[in-house]
Each structure stands twice: as C-alpha cells, then as structure tokens.
Amino acid sequence: MLTYLSGAQIRQTFIDFYAERAHQVLPSASLVPEDPTVLLTIAGMLPFKPIFLGQRQAEFNRAVTAQKCIRTNDIENVGRTARHQTFFEMLGNFSFGDYFKEKAIAWAWELSTQVLGFPPERVVVSVFREDDEAFAIWRDQIGIPAHRIQRMDEKDNFWNSGPTGPCGPCSELYYDFHPELGDDHIDLEDDTRFIEFYNLVFMQYNQDAEGNLTPLQNQNIDTGMGLERVAQILQQVPNNYETDLIFPIVKKAAEIAGIDYAKSDESTKVSLKVIGDHVRAVMHMIADGISASNLGRGYVLRRLIRRVVRHGRLIGIDKPFINEVTEVAIAISEDAYPGVRAREKAIQAELLLEESRFLETLDRGEKLLSEILTRVEKSGKEISGHDAFVLYDTYGFPLELTQEVAEERGLTVDVAGFETEMEQQRQRSQAAHETIDLTVQGTLDKLAESLNETAFLGYTQFSGGAEVKVLLVQGKSVEAAEAGTEVQIVLDQTPFYAESGGQIGDRGYLSGDTVVVRVEDVKKEGALFVHFGKVERGTVQVGDRVTAQIDLACRRRAQANHTATHLLQAALKKLVDDSISQAGSLVAFDRLRFDFNCPRPLTSEEIQQVEEQVNTWISEAHAAHISILPIAEAKAKGAIAMFGEKYGDEVRVLDFPGVSMELCGGTHVSNTAEIGVFKIVSESGVAAGIRRIEAVAGPAVLDYLNVRDQVVRELGDRFKAKPEELPERITALQTELKTTQKQLDQLKGELALAKSDQLLGQAASVGSFKLLVAELEGVDPDSLKTVAERLLQKLGDGAVVLGSVPEAEKVSLVAAFSKGVNDKGLQAGKFIGAIAKLCGGGGGGRPNLAQAGGRDPSKLAEALVAARQQLESALSQ
RNA sequence: GGGGAAUUAGCUCAGCUGGUAGAGUGCUGCGAUCGCACCGCAGAGGUCAGGGGUUCGAAUCCCCUAUUCUCCA
C-alpha cells in the first residue's frame, strides 16, 4: 500500500515539490548557527529566525530547505524510543509575508497524500484550540472529517520564540499506524499509534511584554517535516534507526562487535542505535568545523563521541572503531552533503584523538575508583553517592562503570545519593543562568524595536553629520549626559566601524557646537551601532546634531591588519594546506591574530615562506575589487566563506584577483601596497587541532620593531655586546652564575661545619644532657639548620638552640632536640615558637627539629638567654 | 553562563595538619661484562603554571589570571 522511498528520495521529493511551487531552494545552513544565543542549529527555521523576527529583510518570498539539526536535550531517550535522535534532518517550506494558512495546508496535504502517498484515512491533524480558521480549512477545503481534527492547547500547538516577539498557532499532521482502533478515542500523544511528521506554524501575531497579541503585518509560514520520521513510515520499519538513513551504520557497528542486530537483546540494540545516531551527529558537527573541547558546542561534540565509545565497549568492542563506522555514515551522506567527504580527513583525525583522550579519562577514573574501593571495603559495603558523584562530576567517570567495578568487588553504590547531588548541580546551573539574562539584554531589545537600523557610512566616509538617537548611562536610557560621564550612544548613521568579523570598533570623536564625546569603542547590538565613550566637554543630549569623526590613523592601521589577515589566510592555503580555514580572528590597531584549523605546528620554514608570500603580494600592489553579490553567486565564484552565513543576504565580496577572495564586511586597504610590510610574530597552539598566528602589518610593524629594537639596544648597553653576540654572552653569564652559586653553597656548608666545631666546646652539661645555646653571625636559616643538626649529632643526647641575624630586621632561630629531651616533655616546635615571640616572630616544626624567625634583632640575645634558662631548669629536673 | 579538579625534573607522578623539593623512568659518566640486555655506584637536570596576599617562614593556606580535564545548562 505504501511505496518505499529511500531517505534521499524523500528529501529530493520534498524539495522538488516546493521548488515547482516557486520556492527558492537553499542549501542546509551550518550546524554552527549565526545566532550567538544558541549553541547549535536546533531547528529548520533557525537560519531564518532573523527574518521572522524582522531583523533582516528576506531576499525571497518563499524558500525550501533540508536542514541538518542537532538536539541533545533528550539524549537519554536516544535509542530507547522509536524516534529520539540527536542528529536529524528537517525538511521545511517557508513563506516570508507571502502565502499563508490556506496554501500551506493545501500543499502539505497534497505532498503527504498524493506525492509521498500516505493514504488520507491514515492522516490525522491537529490545530490550535482557538484556530477556527485552520480548522475550517482542513474540514471544508481538504475534506477531513471533523472528528479527525484535534484541537490542542498552547503547550503543543502554539509557537513562539520567546516571551515576546512573533508567534502563532500551529497545525500538525500525524500518521496513524493503527486506524483499525477507530476514531472514537484519538489520543495524539499516544506514540504507539501516532507519529507527528509535519508541523505547520502560522506566524500571525506579535506578543508584547504584557502578553497582548497584535496581528503581524507580514504573516509568515514556517514548517518542518522530519525526514527520518517520514522514512520510518514509508520504509515500514519500527523506528528511525532502521531506516536507510541510519541502519547501515548500525549494521556496521554490529559487524565490528561480531553480533547480529536482529538477534540482539534490548540493551544491545539500544547501544547499537545510540552509535547509529551519534555517529551521524559527530560526523556533521566536525564537518561544520566544530572540534571537541570542554566548552560550549565543542563539549556537546565530546560528549557524543564518548557516548559512542562507551556504547561500543558495552557491546564488546575493545578497539578503536569510530572511524570505521563513520566511514559508513560519510558514504550515506556524501551525496546530499558533499562537504562531509571533503572534510573526511579532519573528521577521522578528530575522532581518533578524542577516542584516545577518553580512554585516558577512563584510566584515571579507574585509578581513583580503586583507591575509593579499598577505603570503602574497610568500613562497609556501599560507595557513597558523593564519591560516585565526584568521580563523575570532576573526573568524568560514568556512573555505570563505577557500579560495574563495585559489583565485581561485592559492593554497591548509593545511586539515590548520586542523584541528589546531580540535582543540586542542575539547580545551581539554572539559577546562575537566569540571573544573567535579565540585566543587559532588556534595555537594548527595547531600543531595537523603536529604531531603524544604524546606517553605516564608513566604507567611503570618515566623518559625517549624525543625530543622537539614544543615550545610555550605566545601561539605562537617559535624555542628557554631562562631561565626565561614560556613555553609550546610538546615532542614526555613522562612519564608525562596529566590532565585527574580528575587526575592532573605530575610535574617534563626536562633536557638536558645545559638546565633545570621545569614542573608545563601537559594538553592534542587532542592527544598532553602539558608540562607547566618555563626554569630554559640554552636555550631550538626545536629538543633538553631531559630527562623527573617526580616528583615521587607527582606521588605517586596522585596514592594513585586516587585509593582511586575508593575505595570510590565502598564503596558508597556498603553501601549507588547501583545507585550512579560519577558526577565529582578531584585527586590532596594533596587531592581528589568526586562528585556523591545522593538526600540527607549522615548521619555521613554512612560517618564513608564508611571511615572504604575503610580502610579495603586498609589493605586487594588487588592487581591491569590492562587489555586493547574492551569496550563492559569491560562493560559485570561489569566495572563501566561513561557517554559518545567513540566508537571503547579499554579501560583500572582497577580491584581490588571483590572490584572495573572501566574504567580508570589514574595512580594507584599496591596494595591497598600502600595507607596506607584514611580519609574523608568533605561531602557537590554541586548542587541539587549532593553531594561532600573531602578526603585525603596516604602521604596527614599526611599533613592533621599535619596542624590540629598544630592548635589544638596552641589553647591548648593559652587556656591552653587539646584538648578535647577546645570546652567547647570556649563556656564559648563566653558566658563571651557576658555578659561582654552587661554590658559594659549598663554602657556606664548610663554614657552617667549621663554626659548629668551634661551638662544640661551648656545650654545657645539664644532668645527663648536653646543652648548647649560641648565636652565629650572619648565617642564613638553612645553614643554621644544618649546623644545629650536625651539632646535636655530635653531642648525643641533648638540645641545641642557635640564633642568627641573616639580614637586617630579621632574626632566625633553630632548635634541635634529641629523643631523650623529647621524653622530658620538651618539643622543639613548641619551644622555639615561644622563644621566637620574644623577637617579634613565631615558629614551629617537628618535635626533634624546628625553625623560627622574628623581626627584632635587638632582642635576640635576650631570647637566647631565656632559652638557656628554660632548658636548664627543664632538663635538670 | 555556573560548579569541581589539575598544573612539581625531559616523561609518569609522590610530597600528610606550612618548616632544607623527592621517587620511578630517561640522560651523562664510572664500575662489572668479550660484548649486549641486566646490575652496581656517582652526577647533571626544578623561578613547584604566572601574579598578588597571609606568615618569622608557602610547592602546601587565601585571592586573581592562564592553560588543561570534567560535570551541569
């Protein structure tokens, strides 16, 4: 009855269907979203969010995409239910102020029943409780019986992207696996019977802070059809993991483990499904430039990789295996996502590295665990929840492994206690999260609503008139600010470049008839340029006309550094590895920093070659060509693009023909010759697989050289040597210093010995004990100790107390007591502490040997007399 | 974004409640052996991640920074 379609066919069918209906076909956006508030692309609509929120103009009225997505919030369910996945593809058709409910519903229905071939009687739909319009369309125009249209509450069928902003009702299509159960008690939550496969969102309202809904001018359509779910239905398999999109990976994992999926027990199947799911996720994440780390999305990746390794171990795989299964995943995806094959090497390297890192973590955990186990075995039978939690929380050692190992030794683990600690950790994190959200964002969001975006004039103009639209002092909107105040200012238009794409914001001045504001930085908040600065003179007011003038010298420096960064990237690609791409960048006035993915350090030859290449390009005087193009056209021309570009945008392409072509919004020199010179300062590692080059270009080179030059000259003066002789000179001095130091130590030792021999004669007898109290001149604490120990050794049973003044304002004391003295109830530590107090200090140590110090040398003699008296009386008893 | 942990010799790590920084391994030399592995002896190798503070005294206690590991979001 259902026609089998492969995952690839379903994807293509969906895209073709909407392409025929005038939708622009767009490629999947990167898993790394442009939106800084989310870690990963979690939904098909995410790349369009700025359009829906009205922050950006759409280039098309209609679009269709197959979007790769990652979600890890239900990670525990992966493999256990039929449909939870961390990685999935969302097919979506979108309307930006174009068609609305009627067409969206009609097309969804046509696609589902006529193209994909779902029998109409197997499809049940839901609408929002109050959405009579959608209900009517389904019933009257599509002809679905009213009892098969379920009305649902806000929780399920009302979409919004936050407490305020655009929102609207949804309508969902469900597939019915068991129509024979009848239509009387339809419960769409029953996932043994129904599966939601298509969600239509009708964005028709704007919600304000008070919760009022007002109709939107531009109504939008946002939809999502889960590719794997549709595949599950059409391929008539019991879950997503057994579709042709994932199952080959599962089979490969089973093969490596030497088992048969069909004959496996439930928990083995879960492990295989987890591997099948996660491997796709990690492959795409790495392909999109994410590398495993301990933070943010890199941490998500790491966790997924570790889960794969762990589940591999659970089913009996005891060797590295991820790359083998990943190869299958790449083969499945490469037609739809060619980037995956292109990044194959990087994927393999990353996985191998991370797999071995995890094994290290496990080793460390096992060591700690065995320490805990031996401790616990003495006292009882249970490992505390706290111990298990520390192992997990601090050392990343999974709870199940702790339990396993404990069991082998006949011990149990307090799982309830573990969960309690885990819950506390969760609450801490959440509490911390919410306190931050409220502070900064609010005022700026409100500003964005009432203002047009700031017009940027700075590509061509360096000064210009502007009006003060908003004035902020300490985050709050004010009408005026006096001289001396730190302010943030939004203008209607500005020549100031705002920090973006790694290039820092311009500096300069805003000046009016009576007012001057010094601008120290400019940042973007959405579409607004916020000038950070200080009022230097007069009073600035909202509505003031000012002249905005950037610091041209700074700008020129930034331009030189920025263009040099592009040349650097081009040179790295040309001379080191074509697959090098940017992983971060900073363009400041005095330097530039370029991070890029590269698995190994560069050799010094490579660094030199790269530097020479950049300088060659500079001297060849290449002119910049700047054009504004649709993104697809720019990419087709071969412009270097970073991950996570926006859809629907025209992009600025900076082209030095034959040398470098990149999408870039920054400011640049108009000819490479303006840079003058380029110098690499350092090459270093930032994180695993990422290298960093720091360099200087243009006027900044001179600064750099001046600083270096001055240091070298000063060293030359001090050492009375030419610069090139300095290293040799310093080595010689170091050696000399060391030998001198050694001689000194030796002499000190000898001197101390000599002195101790002299002192030996001064020892007095008290009962059966020998007592020696003496002052040595100018002996350092360490030698004092050596002497005391040696003296006591020679004296036998007794006590030695020595004092000295090693430097001005310092007193040093040492006491050495024999065992016999200890038995008399005298402890060196306590004794010397009391004596040191007399010299304005304190001290302590072990019963047999202790040292102390003080600050008052004039009291030393007195203190030693006291020490002698106390010892005499104590020992004579 | 919020916790926890780590950073000590080239490498792997000890170092307890503050009191002269150690081991194993590797390195150099000597001995033993026909020679090697091994063994024995001796030696070199440390701004205890960096910066502040507390203290008579800090690898050790406190604060900050950096890096790494790890958990939560």
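Convention: sequence-line order gives letters A, B, ...; per-chain numbering from 1. Both backbone and side-chain heavy atoms feed into the values below; hydrogens, waters and symmetry mates do not. Keep in mind that this is a model prediction, so the values were computed, not measured.
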For [X], which residues count as a side-chain contact (heavy atoms from CB on, under 4.5 Å) partner, sequence neighbours excluded?
{"X": "Lys523(A)", "answer": "Glu499(A), Asp521(A), Phe532(A)"}
{"X": "Leu314(A)", "answer": "Ser271(A), His311(A)"}
{"X": "Leu792(A)", "answer": "Val800(A), Ala816(A), Ser818(A)"}
{"X": "Asn323(A)", "answer": "Gln348(A), Leu351(A), Leu352(A)"}

All N/O contacts under 3.5 Å from nucleotides 4-6 of chain B to the protein, with atom names and distances to one decimal?
residue : atom : partner   : partner atom : Å
G4(B)   : O2'  : Thr394(A) : OG1          : 2.8
G4(B)   : N2   : Thr394(A) : O            : 2.9
A5(B)   : O2'  : Tyr395(A) : OH           : 3.3

Listing, residues 392-400 of chain A side-chain donor-acceptor contacts under 3.5 Å, not counting sequence neighbours, or none:
residue   : atom : partner   : partner atom : Å
Asp393(A) : OD1  : Gln425(A) : NE2          : 3.0
Glu400(A) : OE2  : Arg310(A) : NH1          : 2.6

Nearest-Å distance once atom [atom1] is located in both [N] and [M]:
{"N": "G2(B)", "M": "G10(B)", "atom1": "C1'", "value": "38 Å"}
{"N": "U67(B)", "M": "C62(B)", "atom1": "P", "value": "22 Å"}
{"N": "A21(B)", "M": "C27(B)", "atom1": "P", "value": "28 Å"}
{"N": "A73(B)", "M": "C13(B)", "atom1": "C1'", "value": "35 Å"}
{"N": "U47(B)", "M": "G40(B)", "atom1": "P", "value": "30 Å"}
{"N": "C11(B)", "M": "G26(B)", "atom1": "C1'", "value": "7 Å"}
{"N": "U20(B)", "M": "C48(B)", "atom1": "C1'", "value": "15 Å"}
{"N": "G51(B)", "M": "A59(B)", "atom1": "P", "value": "12 Å"}

message: Starting the side chain at C-beta, find the nucleotide from G19(B), C69(B), C72(B) nearest to Tyr299(A).
response: C72(B)
Nearest-angstrom distance from the residue atom [atom1] of [X] to [atom2] of [N]:
{"X": "Leu368(A)", "N": "C69(B)", "atom1": "CG", "atom2": "C1'", "value": "12 Å"}
{"X": "Leu304(A)", "N": "C71(B)", "atom1": "CG", "atom2": "P", "value": "12 Å"}
{"X": "Glu419(A)", "N": "C71(B)", "atom1": "CD", "atom2": "P", "value": "15 Å"}
{"X": "Lys830(A)", "N": "G19(B)", "atom1": "NZ", "atom2": "P", "value": "17 Å"}
{"X": "Leu813(A)", "N": "G19(B)", "atom1": "CG", "atom2": "C1'", "value": "13 Å"}
{"X": "Leu802(A)", "N": "G19(B)", "atom1": "CG", "atom2": "P", "value": "21 Å"}
{"X": "Asn848(A)", "N": "U20(B)", "atom1": "CG", "atom2": "C1'", "value": "13 Å"}
{"X": "Leu353(A)", "N": "U68(B)", "atom1": "CG", "atom2": "P", "value": "13 Å"}

- request: Using a 4.0 Å heavy-atom cut-off across all strands, classify Ser812(A) as base, sugar-phosphate, or nothing.
  value: nothing
field: Sugar-phosphate only, base, or nothing, as touched by Glu789(A) at under 4.0 Å among non-hydrogen atoms
entry: base
I want to check one thing: is the phosphate of [N], taken as OP1 and OP2, less than 4.0 Å away from some side-chain N or O of [X]?
{"X": "Tyr392(A)", "N": "C72(B)", "value": "yes"}
{"X": "Arg303(A)", "N": "C72(B)", "value": "yes"}
{"X": "Arg428(A)", "N": "G1(B)", "value": "no"}

- request: Could you pick out which residue, Leu849(A) or Phe397(A), lies toward the 5' side of RNA chain B when each is mapped onto its nearest nucleotide?
  value: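 Looking at RNA chain B, the more 5' nearest nucleotide goes with Leu849(A).
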Between the protein and nucleotides 55-58 of chain B, which nitrogen or oxygen pairs are less than 3.5 angstrom apart?
residue : atom : partner   : partner atom : Å
C56(B)  : O4'  : Gly853(A) : O            : 3.3
C56(B)  : N1   : Gly842(A) : O            : 3.1
C56(B)  : O2   : Gly853(A) : N            : 3.0
C56(B)  : N3   : Gly842(A) : O            : 2.7
C56(B)  : N4   : Gly842(A) : O            : 3.4
C56(B)  : N4   : Gly843(A) : N            : 2.9

task: Look only at the side chain of Ser384(A) and the backbone of Asp387(A), and say whether a donor-acceptor pair between them is shorter than 3.5 Å.
output: yes
- request: Name all residues meeting the ring pair (Phe, Tyr, Trp, His ring centres under 6.0 Å) criterion together with Phe87(A); count only those two or more places apart in sequence or in a different chain, and write none if there are none.
  value: His284(A)
query: Should the heavy atoms of other residues, nucleotides or ligands under 6.0 Å from NZ of Lys837(A) be counted, would the total exceed 12?
result: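 12 or below, so no.
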query: Is the number of heavy atoms from other residues, nucleotides or ligands under 6.0 Å of Glu520(A) CD greater than 12?
result: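 For Glu520(A), atom CD is crowded (more than 12 foreign heavy atoms under 6.0 Å).
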message: For residues 789-834 of chain A, which residue pairs pass the ring pair (Phe, Tyr, Trp, His ring centres under 6.0 Å) check, not counting sequence neighbours?
response: Phe817(A)-Phe831(A)
message: Tell me which pairs pass ring pair (Phe, Tyr, Trp, His ring centres under 6.0 Å) where either residue lies in residues 789-808 of chain A, with sequence neighbours left out.
response: none
statement: The dot-bracket string of RNA chain B, counting Watson-Crick and G-U wobble pairs with both distances under 3.5 Å, using [ ] for crossing pairs and | for pairs to another strand, is (((((((..((((.....[..)))).(((((.......))))).....(((((..]....)))))))))))).
- request: May I ask you to say whether Glu423(A) pairs ionically with Arg426(A), meaning some side-chain N is under 4.0 Å from a carboxylate O?
  value: yes
statement: Those residues at least two apart in sequence (or on a different chain) that pass side-chain hydrogen bond (donor to acceptor under 3.5 Å, both in side chains) with Asp757(A) are Lys794(A)
